[in-house]
Amino acid sequence: MQMRFKASSFHPASLVAAALAAMLTLMLPSAALAQHSANSRVYPPTAKPFGKSYSQWSEQWWRWALSLPVAGHPFIEPGFDCNDPHNGQHGHVWFLALSSSPPVVERSCTIPEDTAVFVGLANTECSSLEPTFPAGTGGQTAAEQRDCANFFANHVVVSSLFCTIDGERVTNLRAFRFGSSQFKFNAPTPWIFGDTGGTGTAVSDGYFVMLKPMSDRAHTLSCGGKFHFSVAEGDPFDADFGFGNTFHLTIED
């Protein structure tokens with residue numbers, strides 16, 4: 001899910017604490033160290049899976065999201081059907097988005113074998129088809145759109161981000177933030193961010209992960225996070241937006 005503010009995806013430790021933590025790690029039994037991260041199951045931030053960087057895949061993800069009709073859109077509940085033949089899923093990479101609902105919201109998805117999954121976490125876009133609010137959404141030039149998207153992405157509460165695969169968490173999610181180049185997209189009428197669609201330009205910014213193709217038949221993916229805005233902290237409005245989903249993935253032979 002991507003936060004869009006409309007009228008209508010943020011402590012250093014002391015050296016002593018660090019030393020104590022290191023000592024405790026050495027003292028822990030091997031069973032306690034058996035908790036693995038899921039990072040080996042996602043492409044690292046510097047990778048170029050299927051010939052595209054994360055930034056380039058984020059553009060493709062947004063083109064996909066902005067092209068879908070409002071009815072059954074993945075950003076909202078209820079209604080998104082991952083396996084609907086009209087939802088634009090094809091090729092070696094499928095896209096998943098989060099809805100503006102608590103992480104208890106569950107969805108099921110059957111994915112072809114040898115297919116990667118690109119997940120939009122907390123992220124945003126600013127486009128030429130959107131009105132310009134005081135906070136700076138919209139914009140016609142690449143620079144305006146980039147400043148706008150950066151403003152919103154800077155309000156992701158990084159510590160709130162989570163993404164687990166079969167109970168194993170992806171760590172260091174702050175490294176998975178990517179800004180896009182300006183890209184063109186086609187939106188239906190109405191579209192997810194307005195009454196009138198058309199052809200527009202946009203820039204996106206925020207957090208994404210790409211799961212490597214999976215072979216085992218069943219997997220559980222849970223992801224979410226939140227945005228935070230406060231007038232007391234210098235923002236033009238007060239708002240907190242939390243979201244997330246649990247996906248039950250079935251890998252098709």
Side-chain angles (χ1 to χ4, degrees), residues 1-2 9 38-69 72-75 80-99 107-125 149 153 161-166 168-170 172-173 175-187 192 202-225 243-253:
M1 166 61 191
Q2 296 43 230
S9 184
N39 289 58
S40 64
R41 303 173 71 176
V42 302
Y43 289 101
T46 56
K48 289 190 175 181
F50 307 99
K52 291 185 176 70
S53 66
Y54 262 88
S55 178
Q56 291 170 319
W57 278 115
S58 71
E59 295 175 20
Q60 296 294 323
W61 187 93
W62 269 109
R63 286 193 185 98
W64 165 77
L66 297 178
S67 71
L68 297 176
H73 198 282
F75 291 1
F80 177 66
D81 182 358
C82 177
N83 298 109
D84 187 326
H86 302 293
N87 70 9
Q89 303 281 27
H90 60 83
H92 294 295
V93 179
W94 279 31
F95 298 132
L96 292 181
L98 308 182
S99 64
R107 293 172 171 176
S108 296
C109 189
T110 299
I111 297 174
E113 195 174 28
D114 300 323
T115 301
V117 179
F118 193 74
V119 187
L121 303 178
N123 68 96
T124 188
E125 59 81 42
L161 294 171
F162 66 92
C163 189
T164 67
I165 307 170
D166 299 330
E168 298 179 344
R169 65 190 183 94
V170 179
N172 194 29
L173 284 173
F176 288 82
R177 178 176 173 176
F178 306 94
S180 78
S181 300
Q182 188 183 52
F183 59 90
K184 292 182 179 180
F185 67 93
N186 294 305
I192 191 63
V203 172
S204 72
D205 195 347
Y207 298 83
F208 300 84
V209 294
M210 183 182 284
L211 282 62
K212 297 176 181 177
M214 296 171 283
S215 57
D216 296 338
R217 181 164 177 79
H219 300 274
T220 300
L221 171 70
S222 295
C223 301
F243 50 87
N245 293 96
T246 293
F247 293 91
H248 301 287
L249 307 178
T250 300
I251 309 305
E252 190 175 53
D253 292 338

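Here the structure is a predicted model, which means the values were calculated and not measured.
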Distance in Å, [X] [atom1] paired with [Y] [atom2], rounded so as to fall on 0.5 Å steps:
X    : Y    : atom1 : atom2 : result
S58  : Y207 : OG    : OH    : 13.5 Å
I192 : H73  : CD1   : NE2   : 4.5 Å
L249 : T115 : CG    : OG1   : 11.5 Å
F50  : M210 : CZ    : CE    : 7.0 Å
F178 : N123 : CZ    : CG    : 11.5 Å
R217 : T250 : CZ    : OG1   : 6.0 Å

For residues [X] and [Y], report the shortest heavy-atom separation together with the two atoms involved.
X    : Y    : answer
R107 : A97  : NH1-O, 3.1 Å
T246 : S222 : OG1-OG, 2.9 Å
P112 : W94  : CD-CZ2, 3.4 Å
P74  : L68  : CD-CD1, 3.6 Å
L173 : C163 : CD1-N, 3.9 Å
C82  : Q89  : O-CG, 3.8 Å

Is [X] reaching over with its side chain to a backbone N or O of [Y], donor-acceptor style, under 3.5 angstrom?
X    : Y    : result
S55  : G179 : yes
D84  : H86  : yes
N39  : V170 : no
Y54  : Y43  : yes
N87  : D81  : yes
E113 : I251 : no
R63  : K184 : yes
W62  : F183 : no
E59  : Q56  : no

Any pair counted as salt bridge (Lys or Arg N to Asp or Glu O under 4.0 Å), so long as it reaches residues 203-215, sequence neighbours left out: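 Only R177-D205 qualify under salt bridge (Lys or Arg N to Asp or Glu O under 4.0 Å).
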Test ring-ring contact (aromatic ring centres under 6.0 Å, His included) applied to H219 - qualifying residues, sequence neighbours left out: none
Within the structure provided, determine whether [X] and [Y] are in side-chain contact (heavy-atom separation under 4.5 Å).
X    : Y    : value
D166 : D216 : no
F176 : L161 : no
V203 : S180 : yes

Parallel, tilted or perpendicular: ring planes of F208 versus W61, cut at 30 and 60 degrees: perpendicular
Plane angle bin for W64 and F80 - parallel if under 30°, tilted between 30 and 60°, otherwise perpendicular: perpendicular
Partner of V209 by side-chain contact (heavy atoms from CB on, under 4.5 Å), out of L221, V119, V117, L96: V119
Heavy-atom neighbours of H248 NE2 exceed 12 at 6.0 Å: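 Correct, the count exceeds 12.
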By side chain to side chain contact (heavy atoms under 4.5 Å, CB included) - contacts of P69 (at least two apart): none
